[in-house]
Amino acid sequence: MPELPEVETVRRGLAPALEGAVITDARLYRADLRFPFPPDMAARLIGQRVVSVERRAKYLLIRLGSDDILLSHLGMSGRYRIYNETPPVLETHDHVELMTDGGMTIRYNDPRRFGFMDLFSSEAMASHKLLADLGPEPLSNAFDGASLGAALDGRNTAIKVALLDQRVVAGIGNIYASEALYRAGISPNRKARTIKGLRAERLATAIRDVLNDAIAAGGSSLRDHRQTSGELGYFQHNFNVYGRGGEKCPGCDCSGAIRQVVQGGRSTFYCAKRQR
DNA sequence: CCTTCTCCCTGCAAGC
DNA sequence: TGCTTGCAGGGAGAAG
């Protein structure tokens, strides 16, 4: 499911239920997701007050009063659901459950189990293997055309493939890579190292705009994404190219059909007329 | 270091 | 209807 906008949507749903609350119970219904849960994870969560629910790239970071951080990645099909009353019986693929002193039940469900969780001390965060090499947050001041151009300098891969590299910019996945390139008018096949100057500015702006628009719509719900309330996101209706191979390009001044190609093993969608 | 490839897992849609 | 096939939004790790 989740790229940055979907994870941010989940973060915004979890924050009011968790921040300031004490975790009164934590239940693991299996020993692993993609990776084994850290030893004693449930015990280390119980009794902890949640300080904040943050996001870095596609990772949720839940800071605890013990100075530990619970990291959660949603993989491709992970969902959180919040119940503020007695929850229904467990559903298939409900793997983790947290209860709070505010009477909330938070469930993590993940059919494909590509998601994972980790728990580590805040001092270990800077050197955490999954976090240490991440590029800038695209919605932060650290990200702009100049920094994007610098990150792409010397890279021989196609720009679409480079955008999926979390070291270049954090949080973009397969959908928003295609959408951002469409908005920027840049071909996904263009060599990454040729993106600089004004072209890099255009791409950086397009990335920020598409991510902000998607967050405002509650993310994109194709198969799996749900907000923590269970509501769908709506941004998929605003895709210009993703999933629209063969359709007419929505651009007002061109009549091309949207092409679907495979790059780095993943589908890319673009208009060859608008994107150069 | 950079780049490409394979694999992890289940669900779903399309094709037969 | 039922079966098979391919594909899906991510990322680690190995190999080239």
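First the proteins, then the strands, lettered A, B, ... as listed; each starts at 1. Side chains are part of it too, since the values below use all heavy atoms of this structure and drop only hydrogens, waters and symmetry mates.
- Between dG9(C), dG11(C), dT10(B), one nucleotide has an atom nearer to the side chain of Tyr242(A) than all others, and that is dG9(C).
- Criterion: ILVMFWY side-chain heavy atoms under 4.5 Å apart, direct or through other members. Under it, Leu130(A) and Leu164(A) are not part of a common hydrophobic cluster.
- At a cut-off of 3.5 Å, with distance as the only test, a side-chain donor of Ser77(A) or Asp110(A) sits close to an acceptor on the other residue.
- Atom-to-atom, CD of Gln263(A) to P of dA8(C) comes out at 13 Å; the value is rounded to the nearest Å.
- Of the two residues contacting DNA chain B, namely Gly264(A) and Pro111(A), the nearest-nucleotide position lying further toward the 5' end is that of Gly264(A).
- Across all strands, Asn156(A) comes closer than 4.0 Å only to sugar-phosphate atoms, never to a base (heavy-atom distances).
- The side chain of Gln260(A) approaches dA8(C) more closely than any other nucleotide in the set dA8(C), dT3(B), dG11(C).
- Summarising the geometry, the separation between CG on Leu152(A) and C1' on dT3(B) is reported as 15 Å, rounded to the nearest angstrom.
- Put simply, His73(A) has a side-chain N or O that comes within less than 4.0 Å of OP1 or OP2 on dG11(C).
- Using a 4.0 Å cut-off, no side-chain N or O of Tyr176(A) falls inside it from OP1 or OP2 of dG9(C).
- As rounded to whole Å, 13 Å separates atom P of dG13(C) from atom CZ of Arg167(A).
- Thr9(A) approaches Gly219(A) most closely through the heavy-atom pair OG1-N, 3.6 Å.
- Scanning atom types as modelled, one donor and one acceptor separated by under 3.5 angstrom connect the side chain of Arg34(A) and the base of dG11(C).
- A donor-acceptor pair shorter than 3.5 Å cannot be found between the side chains of Ser52(A) and Glu19(A).
- Look at dG9(C): it lacks any Watson-Crick or wobble partner with both distances under 3.5 angstrom.
- Under the 4.5 Å side-chain heavy-atom criterion for ILVMFWY residues, no single connected hydrophobic cluster contains both Val10(A) and Leu131(A).
- Remark: P of dG11(C) and CD of Glu3(A) are 9 Å apart, rounded to the nearest angstrom.
- With a cut-off of 3.5 Å on both pairing distances, the Watson-Crick or G-U wobble partner of dT4(C) is dA14(B).
- Atom CG in Leu222(A) sits about 9 Å away from atom C1' in dA8(C), given to the nearest Å.
- Side chain to side chain, Glu6(A) and Tyr176(A) meet the donor-acceptor criterion of an N or O pair below 3.5 Å.
- A heavy atom closer than 4.0 Å to some atom of DNA chain C occurs in Phe114(A), Lys129(A), Leu130(A), these being the qualifying members of residues 114-140 of chain A.
- Under the 4.5 Å side-chain contact rule for hydrophobic residues, Val53(A) and Leu119(A) share a cluster.
- For the pair Glu91(A) CD and dT10(B) P, the computed distance is 17 Å after rounding to whole Å.
- Rounded to whole Å, the P atom of dG11(B) lies 24 Å from the corresponding atom of dA12(C).
- Distance Phe269(A) CZ to dG9(C) P: 8 Å, rounded to the nearest Å.
- Atom CG of Leu164(A) and atom P of dA12(C) are 13 Å apart (whole Å).
- Ring geometry for Tyr59(A) against His73(A) counts as perpendicular: the plane angle is over 60°, on a 0 to 90° scale with 30° as the lower cut.
- Here Arg155(A) reaches the OP1 or OP2 of dT3(B): one of its side-chain N or O atoms lies under 4.0 Å away.
- As judged by a 4.0 angstrom heavy-atom cut-off over every strand, Arg113(A) is placed among residues touching the sugar-phosphate backbone only.
- Contact annotation: His93(A) side-chain N/O to dG11(B) OP1/OP2 distance is under 4.0 Å.
- Between Ser267(A) and dA8(C) there is a side-chain polar atom (N or O) within less than 4.0 angstrom of OP1 or OP2.
- Among the nucleotides dA12(C), dG9(C), dA8(C), the one closest to the side chain of Asn174(A) is dG9(C).
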